[in-house]
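Structure first, then comments.
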Amino acid sequence: MRGSEIRRTFTSFFEERGHKLLPSASLISPDPSLLLTTAGMVQFIPYFLGHAPPPAPRVVTVQKAFRTTDIDLVGLDARHLTFFEMMGNFSFGDYFKSEACAWGYELVTERYGIDPDRLWVSVFETDDEAIEIWADEVGIPRDRIVRRGRDDNFWWTNAAGPGGPDSEIFVDRGPKYGVEGGPEFDEERYLEIWNLVFMQNEVSDQGEVVGELPKKNIDTGSGLERVAVVLQDTPTAFETDLLWPLVAMAEELAGRKYGEDERTDVSLRILAEHGRATAFLVADGVLPSNEGRGYVLRRMLRRMVSHARRLGIDGMVTETLARATVEGFGEAYPELVENRDYVVQVMASEEDRFRATLRQGLVLFEQEVDRATGGRLPGDVAFRLHDTHGFPLELTRELAADQGLEVDTERFAELMEEQRRRAREAAKKVAVGTGSFVAPETEFVGYERLADEARILAILDPGDTELEVAEEGQDVRVFLERTPFYPEGGGQVGDTGVIRSTGGVVRVTDTQPAGPGAIVHIGTVQSGEVRRGEWAQASVDADAREATARSHTATHVVHWTLRNLLGEHARQAGSLVAPGRLRFDFSHHQALPRDVLEEAEYVANRRLADDDPVRAYETTMDYAKSQGAIGLFGEKYGDIVRVVEIGDYSRELCGGTHVPHTGKVAIVRVLGEGSIGSGMRRIEALVGPDALRHVNAEHRLLEEVAAALGAGDPGQAPERARRAIERIKQLESELGKIRKGDRASLVDTLAARAMPVDGVSLVVATLPGEDADGLRELAQALRSRLERDGPGAAVLGNADGGRALLVAAATPALVQRGVTAPALLEPAARAVGGGAGGKPILAFAGGKDAAALDRALATVRVRLEELLRGG
Ligand code: SER
């Protein structure tokens, strides 16, 4: 049975038994306590906990799942996978153990056709009921039912939430895979293919049972890859039709065969497994970054690149593997097909970047290898390679091993731990002060109106202490029962405005979300006092809101334009929507040339001028998707989403505020475009009247430039400017020639005035009009000239700008006679109220006492004599 057939068999078996087939949730976990979706049940947590009604009492899914534990182990053997598909049936307070066990057995024996004699089951140690069901109702011999403890047979998500005892189904794969005796002895031979969880408990974040769920539920999970291993009788998942095409692709890239050499196999497995997993992550909207799931993605992509290198692959690998993943899984997961170009581009650009840092890191590595002693590469080096060049530890170890060195991994681990501790402490600092205050829910009415009356539910000071009353000048955070203030979200900034109670006025400078359904108004009491429990009038700054709404609608039009012009991959990665301006981040692999940017600006403005209506409505996630709405990820089945639709061309999931039709935006003026790293670009633009102001300011600037250049018509300004600059260059070069000539003759004149002092030629002169550089150049030129005739020194100075400036140069021959330039200059420096410093052959001094310059220069001769005498 091929993978696709197994999926179909599973889902139709349960559909026949009254289950509703639901799509897989995103890999970005719909549950905030988990980073990534680790099991089929994650999208159903609220139903188990009784927080929301389920869409149907019985449900079946094939869920994309991802487990990050020990990424570093994946590939080293053929057992571990990060990404896998989990088939599962679910009952929300409907059927329970008997049906779950009976159906599990029926599907495995009758639909998959596995011989009942090959089956074993495990149950939670105290679950006698499950034993009776397996033995009496299903008919599994008692000697193939084993009791196991908490570690094996109690399931929870590893976060606080639902959990329960479980029962697992194992298949005996026969003697070629291990020893006899059941799953207690050998889990390679006796492969677990299905876990039936009797979801009935609520557990703490430590996994302790803290209560009962409102209902008894079923959550089962059957790894598709494992079922395929059994039905296709392959040694591991890598030989199944699910992963083999990717392994074959890796073989081709490397020009090597799988199964001939273990070291090669490890790398081929990593390319295949990580290639598939990363493509799925990116298609769900994960972007490479340095934290959370973005870091998981980055680490895996880097691991792929370093193993490609180990295999001797010169070219890029991610694109080929991403395309192979789309090919193999696109039918079951259409999001892969929809985002193909985007996925390829994100992966390839991260690969590209890492290759560059890899090259730099290798330079550092080689230097350190030369320095290494005692056959050891210091942990600090491994850490630095990891920290600044992103080298996975295993890469450093491997490179070191090739040089016969061992990495001090203990020290490395120590440094990593130190870094984590610092990060934890920094995080703690931010969290301090939240206290025990729970933000109350606020009804948001800002889509319909800009002012409303509401009761003040709570007032906090900036330290989050609750206040009964806040007086003039106090900084506050105000919670209202109902508010027209939009809390920052979806890139749109929070509203500003005023909250007026009978006793006082709060000036609101920002509005932020404060937990689920809660909104906080941040501001200062401007006059009087405000009290908790009072009625207040909350009014949003209408002008600012209007300007923000224009920017938001413009952002959607810009997004549409970019996708239209550049391709589907030009997807929004972030935005800032503020009054009169917007910033839009999107994925694209290269800079937009001037003419493309201008074209985009033109197209966007044309669209705006169509004056299409902008409509917003709430609908189900499914309907929105079916209408081709684009938007952020992480929603789950059953979510109600808000769609903003412009004309018939743009449809986005969006919670922001918009103008009613695009003509109101009037104009969007692109200021510029640039890279923000990793295949991401950023466009900044002005919107509406603010854009006009900017156009005018630019225009005025141009006129001023034209006038300054003497061009009557601004059109002539560029030509004039070019000519003027050419002329300046020409004059500068002529002037330079003249100066050179002047200086050469000045040096001649000064040298001719040298006085002999005990066999040393000394030049002392005041040279007005020279800055420090000028004096230095002249002193150096003089030194070269004097050098021809034996030891010499030159001391030059001036008192321009109210300060005395002195430079002394000594020839090397003079320095050899014990006279250095700083020593020579010292009394002179003191005379002008400063100190002398510099090198033996060149010294500087400066002082406030400009009037003392002549006196200072007069000290030089005496000083020279003194020094020559050895004083
Ligand atoms: N939640 C259980 C598991 O992931 C069964 O679906 O194994």
Side-chain angles (χ1 to χ4, degrees), residues 6-7 10-11 13-14 19 21-27 29-31 33-49 54 58-69 79-97 99-101 103-105 107-108 121-124 127 130 148-171 183 187 190-203 207 209 213 215-227 229 237 636-637:
I6 301 174
R7 278 189 210 107
F10 190 95
T11 54
F13 178 86
F14 285 103
H19 290 64
L21 174 63
L22 293 183
S24 170
S26 167
L27 278 172
S29 167
D31 185 272
S33 63
L34 302 168
L35 209 53
L36 291 160
T37 301
T38 49
M41 52 77 74
V42 170
Q43 64 170 321
F44 304 133
I45 291 175
Y47 313 144
F48 290 132
L49 295 174
R58 301 176 180 191
V59 159
V60 60
T61 60
V62 182
Q63 172 68 47
K64 297 177 275 192
F66 199 103
R67 295 192 180 165
T68 51
T69 35
R79 292 184 56 166
H80 295 82
L81 299 177
T82 56
F83 173 85
F84 61 100
E85 293 174 71
M86 192 164 225
M87 305 178 289
N89 55 296
F90 302 88
S91 152
F92 306 115
D94 188 32
Y95 63 84
F96 199 47
K97 280 186 205 178
E99 293 87 339
C101 296
W103 286 336
Y105 184 83
L107 173 59
V108 168
V121 296
S122 66
V123 301
F124 184 54
D127 194 354
R148 296 176 100 181
R150 253 195 88 81
D151 286 351
D152 291 307
N153 283 62
F154 187 92
W155 201 90
W156 58 302
T157 62
N158 285 317
D166 65 37
S167 177
E168 296 181 310
I169 302 178
F170 298 81
V171 181
E187 287 207 20
Y190 299 90
L191 190 67
E192 184 254 307
I193 58 159
W194 204 339
N195 182 15
L196 317 179
V197 184
F198 311 127
M199 205 53 106
Q200 58 192 31
N201 299 116
E202 196 165 343
V203 301
V209 172
L213 292 175
K215 291 182 176 155
K216 290 190 189 310
N217 312 286
I218 290 294
D219 150 32
T220 84
S222 172
L224 173 65
E225 291 78 1
R226 287 166 174 240
V227 175
V229 161
K636 58 183 183 295
Y637 174 83

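Remember, it's 1-based here, ligands and their atoms both numbered in the order they're listed. Since the model is a prediction, treat every value here as computed from it, not as a measurement. Basis for what follows: all heavy atoms, side chains included, without hydrogens, waters or symmetry-related copies.
Rounded to the nearest 0.5 angstrom, Ile45 CD1 and Met199 CE are separated by 8.0 Å.
In this pair, Trp194 and Phe10 present their aromatic rings tilted. The plane angle is within the 30 to 60° band. The aromatic rings of Phe92 and Phe44 lie perpendicular to each other, with more than 60° between the two planes, well past the 30° mark.
In summary, Arg148 and Glu187 engage in a salt bridge, as defined by a charged side-chain N under 4.0 Å from a carboxylate O.
Residues Arg58 and Tyr95 meet the side-chain proximity criterion, which asks for heavy atoms closer than 4.5 Å.
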Report all side-chain donor-acceptor pairs from residues 154-171 shorter than 3.5 Å, counting only partners two or more places apart or in another chain.
from: Thr157; atom 1: OG1; to: Ala159; atom 2: N; distance (Å): 3.2
from: Thr157; atom 1: OG1; to: Ala159; atom 2: O; distance (Å): 3.3
from: Asp166; atom 1: OD1; to: Asn153; atom 2: ND2; distance (Å): 3.3
from: Ser167; atom 1: OG; to: Ser122; atom 2: O; distance (Å): 2.8
from: Ser167; atom 1: OG; to: Trp134; atom 2: NE1; distance (Å): 2.8

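A heavy-atom cutoff of 4.0 Å around ligand 1 is satisfied by the protein residues Ala39, Met41, Arg67, Met86, Trp155, Asn195, Val197, Asp219, Thr220, Gly221.
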